Amino acid sequence: MSGDATTLPALLRHNHDVHGAKPAIVTAERSMTHAELDDESRTLARRLVAAGMGKGARVGLVAPNGIEWAL
C-alpha cells in the first residue's frame with residue numbers, strides 16, 4: 001500500500017482502488033462492494049463534518065449489526 005495506510009480512510013481508499021467491484025460486506029439483506037463502502041463512508045464523513053464533528057470529537061454509535069454499522 002502506498003501513502004499513509006495507517007488510517008481507516010486510507011485502507012478504504014486502497015481497497016476501493018484495488019478491489020472495487022468485489023464484495024466487501026455481505027449480509028442476508030444486501031451486499032456492498034469495496035467501492036460502495038468507501039464512497040458511502042466518505043458521504044457519511046462529510047455529513048458528520050457538516051454537523052460540526054471534527055478531529056477529537058466523540059461520536060456515539062447505536063446501530064444493529066450490519067452494513068450500516070460498518071459504515
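Keep in mind that the numbers below use all heavy atoms, side chains included, and drop hydrogens, waters and symmetry copies. Only a predicted model underlies this, so the values are computations on that prediction, with no experimental measurement involved.
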Sub-4.5 Å side-chain heavy-atom contact between Ile67 and Thr27: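 Ile67 reaches Thr27 side chain to side chain.
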Pairwise side-chain contact, Glu36 with Asp39, heavy-atom cut-off 4.5 Å (strictly under):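 Of all side-chain heavy-atom pairs linking Asp39 with Glu36, none is under 4.5 Å.
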If hydrophobic clusters are built from ILVMFWY residues whose side chains come within less than 4.5 Å, do Met53 and Leu44 share one?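 Yes, because Met53 and Leu44 connect within a single hydrophobic cluster, where side-chain heavy atoms sit under 4.5 Å apart.
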With the 4.5 Å side-chain cut-off for hydrophobic clustering, are Val59 and Trp69 part of the same group?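 No; Trp69 is not reachable from Val59 via cluster members.
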Enter the distance from [X]:[atom1] to [Y]:[atom2] here, rounded to the nearest 0.5 Å.
X: Thr43; Y: Leu48; atom1: OG1; atom2: CG; answer: 11.0 Å
X: Leu12; Y: Arg42; atom1: CG; atom2: CZ; answer: 8.0 Å
X: Leu61; Y: Glu68; atom1: CG; atom2: CD; answer: 11.0 Å
X: His34; Y: Lys22; atom1: NE2; atom2: NZ; answer: 7.5 Å

Please work out whether the ring planes of His14 and His19 are parallel, tilted or perpendicular, with thresholds of 30° and 60°.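 Plane angle over 60°, so perpendicular.
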Is there a donor-acceptor pair closer than 3.5 Å between any side-chain N or O of Glu40 and the backbone N or O of Leu37?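 Flag not set: sc Glu40 to bb Leu37 has no pair under 3.5 Å.
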For residues Gly20 and Thr33, report the shortest heavy-atom separation together with the two atoms involved.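 Closest approach of Gly20 to Thr33, heavy atoms only: O-CB, 3.3 Å.
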Give the intermediate values and the outcome of side-chain contact (heavy atoms from CB on, under 4.5 Å) for residues Met32 and Leu71. CA-CA 10 Å; Met32 181 176 280; Leu71 287 174; 4.2 Å; yes
